[in-house]
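Here is the structure we will look at.
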Amino acid sequence: MREHPNGGIQMSSVTPRLRFSPSPTGYLHIGSARSALYNYLLAKSMGGQFLLRIEDTDRKRLVPDSLDDIINSLHALGIQWDEGPDIGGPYGPYAQSERLPIYHKHLHQLVEQGKAYPCFCTQERLEQVRKEQEAAKTDIMYDRHCRSIDPQEAKRRMESEPYVIRFKMPETGTTQVEDVLRGVLTFDNSKLDDHVLLKRKVAGEAYAWPTYHGCSPIDDHLMRITHIVRGEEWLPSTPRHKLMFQAFGWDVPVFCHLPVILSATGKGKMSKRDGDTAVRDFLRHGYLPAALVNFVLLLGWSGKNDQDLYTMEEAAKVFSFAGLSKSPAAFQTDKLEWFNGVYIRNLSVAELAQQLLPYMQEAGYVSAKPTAAEINYLHSIVPLIQERMTVLTDAVEQVDFLYGDVQDYEPALLLQAKVSPAQARQVIDAALHVVDTATDFTGEALHDALKTAADKLGLKARQVFMPLRVALSGRTVSPGSTTDIMAVLGPEETQKRLRMAQQKAAALG
RNA sequence: GCCACCAUCGUCUAGGGGCCUAGGACGCUGCCCUUUCAAGGCAGUGGCGCGGGUUCGAAUCCCGCUGGUGGUACCA
């Protein structure tokens with residue numbers, strides 16, 4: 001919707017306020033993170049506020065530590081909110097579980113006004129009705145059994161009987177909602193049932209819990225939300241929400257429904273079954289927050305030019321409704337890996353070493369309280385692996401030969417680049433001599449010395465460096481140039497490994 | 001079943017009637033560089049789902065079909 005850069009609303013004096021309202025039913029999903037990101041970016045780019053609200057009205061699906069995870073993950077990604085359950089704000093509380101009296105009051109007011117009504121139907125009856133509708137192949141929806149109960153009688157029964165509160169839907173006509181991305185959408189009211197706003201009160205509790213439909217519009221209004229930007233799965237219930245705002249006599253916010261994120265195969269929306277999908281999983285697997293943000297930013301949004309690298313600050317300046325795409329995107333990690341490599345390469349040695357530390361500690365390469373020597377050693381290693389990593393966890397495997405001893409290898413492995421056993425022995429002897437006589441143990445100096453030795457032996461560069469690479473790393477493929485490896489290892493360890501190679505080479509024909 | 005949304009390279013996307021011989025990025029392939037692997041440089045591969053309209057002209061507008069996805073809870 002390029003023609004609606006401001007989401008179709010006229011810019012007024014009202015400060016844009018957007019929210020991210022997750023349910024604490026699990027660890028922060030990468031798709032939810034995108035939703036949070038877009039809301040945050042939209043708020044910032046419009047000079048507005050962004051708030052975090054917790055929708056914890058489903059007590060059965062509640063996962064105790066998920067709120068902490070949501071907050072931590074959001075923080076890790078660099079998404080900050082102006083108001084929220086942890087920091088408060090002028091329109092709190094920001095957890096719905098703490099707002100029960102508010103919903104009670106508003107929803108009962110709707111009943112008083114005849115815009116909603118109590119329903120006394122039992123679960124059993126509802127199930128029965130559903131079954132019959134399925135059998136008859138008619139629309140499956142509440143049959144409005146309690147809608148016709150006389151208000152006075154209903155009021156009396158509410159005092160003694162358990163009930164839910166249902167919205168009184170118009171039975172005919174249509175409801176139009178405007179979506180920033182999709183334009184005006186028309187829904188047939190006859191297809192909308194009298195949905196539950198307030199659930200049956202649990203015995204012993206002071207207030208009944210609301211459903212999403214019951215509390216979300218109330219909160220959005222009370223919290224002065226101007227733009228509701230949420231997942232496409234909410235699109236079908238948007239007419240309900242619009243009607244709710246109108247029933248209360250409130251302004252209807254701008255709606256924008258983001259396309260869902262599909263699994264990598266494009267079949268169905270991305271779910272836990274597709275493997276690790278929580279932000280914390282990606283972080284643990286060695287993805288950088290900035291890379292994750294950049295990747296997810298472009299999963300459903302694109303800027304004016306062909307730019308694909310964005311910092312959060314840049315994105316906060318240029319993000320707008322105009323760049324949103326309305327078709328769903330498949331979550332394929334190829335590009336995420338590329339982004340991650342780019343961001344890793346952009347880190348300074350010290351920064352990358354810092355990022356790597358936990359993984360190195362976990363591998364037992366660095367102690368829990370790193371010594372200065374350990375840190376220095378790590379710093380010397382980082383340049384060798386920096387441009388060879390796509391995720392941080394790659395490092396552990398790449399540097400194993402720089403920590404433990406070299407793995408035992410077949411002597412024949414020393415015969416790289418078609419050198420003969422005799423030549424291999426000459427190369428190792430020459431290298432040993434270079435090490436013994438080196439005054440400057442840097443990669444550069446060692447390279448020059450070995451190159452000279454190679455010339456003397458009449459060998460090509462690869463014919464001396466490759467056998468030595470095997471001698472030093474035990475592998476034919478390893479990070480860094482051979483001489484950089486020597487420099488990192490230091491004269492003593494280099495010598496030790498060369499001697500070992502010398503012995504192996506002696507056994508060769 | 002019913003309701004709704006969506007549809008450009010394998011993937012993410014640009015495109016709003018002529019600037020499209022459809023652009024960029026990732027991936028893939030090849031070449032260059034090279035002491036391995038990477039990184040980097042260069043080149044290449046590859047797409048408008050189908051059918052009807054509208055128009056001098058359609059990837060772009062309209063209709064139908066097909067396909068995909070979402071919703072249909074006292075879940076969110």
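Lettering follows sequence order; numbering is per chain, from 1. Note that these values count all heavy atoms, side chains included, but never hydrogens, waters or copies made by symmetry.
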Sorted by number, the residues of residues 201-219 of chain A with heavy-atom contact under 4.0 Å to RNA chain B | A:Pro210, A:Thr211, A:Tyr212

Taking a pair as Watson-Crick or G-U wobble with both distances under 3.5 Å, which nucleotide is matched to [N]?
N	result
B:U34	none
B:A76	none
B:C65	B:G49
B:A43	B:U29
B:A14	none

In B:G16, glycosidic geometry as syn within 90° of 0 or anti otherwise = syn

Quick one: is [X] getting a side-chain N or O under 4.0 Å of the [N] phosphate, OP1 or OP2?
X	N	answer
A:Arg475	B:U36	no
A:Arg345	B:G40	yes
A:Ser302	B:A14	yes
A:Thr57	B:A76	yes

Closest to the A:Ser327 side chain: B:C6, B:A73, B:C2?
-> B:C6

Per A:Lys335 side chain, nearest of listed nucleotides B:C26, B:U69, B:C75 |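 Nucleotide nearest to A:Lys335's side chain: B:C26.
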
Would you state whether a donor and an acceptor, one from the side chain of [X] and one from the base of [N], lie under 3.5 Å apart?
X	N	answer
A:Thr482	B:U35	yes
A:Lys326	B:C6	no
A:Arg182	B:C5	no
A:Ser481	B:U36	no

Between [N] and [M], how far apart are the two [atom1] atoms, rounded to whole Å?
N	M	atom1	result
B:C48	B:U11	P	12 Å
B:G70	B:U60	C1'	26 Å
B:G27	B:C12	C1'	11 Å
B:G10	B:G46	P	10 Å
B:G18	B:A59	P	11 Å

Measure from the ring centre of A:Phe465 to the centre of the six-membered ring in the base of B:U35, then say whether that distance is under 5.5 Å and the planes meet at under 30°.
->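 The base of B:U35 is stacked with A:Phe465 (centres under 5.5 Å, planes under 30°).
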
Check [Y] with [X], please: is the shortest side-chain N to carboxylate O separation under 4.0 Å?
X	Y	value
A:Asp193	A:Arg240	yes
A:Arg144	A:Glu171	yes
A:Asp194	A:Arg147	yes

Taking everything shown except A:Lys199 itself, do over 12 heavy atoms lie less than 6.0 Å from its NZ?
-> yes

Using heavy atoms to find the nearest nucleotide of RNA chain B for A:Val477 and A:Thr138 separately, return the residue whose nucleotide is more 5′.
-> A:Thr138

Per nearest nucleotide of RNA chain B, the residue lying toward the 5' end, A:Asp484 or A:Val342, is A:Asp484

Is the distance between the ring centroids of A:Phe321 and A:Trp301 less than 6.0 Å?
->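 Ring-ring flag for A:Phe321/A:Trp301: false, centres at least 6.0 Å apart.
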
When the ring centroid of A:Tyr212 is compared with that of A:His241, is the distance short of 6.0 Å?
-> yes

Counting N and O atoms only, with roles assigned by atom type, does the side chain of A:Arg469 sit under 3.5 Å from a partner on the main chain of A:Gly480, one being a donor and the other an acceptor?
->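 Yes; at least one donor-acceptor contact below 3.5 Å.
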
Report the distance from atom CG of A:Leu77 to atom CZ of A:Phe282, rounding to the nearest 0.5 Å.
-> 11.0 Å

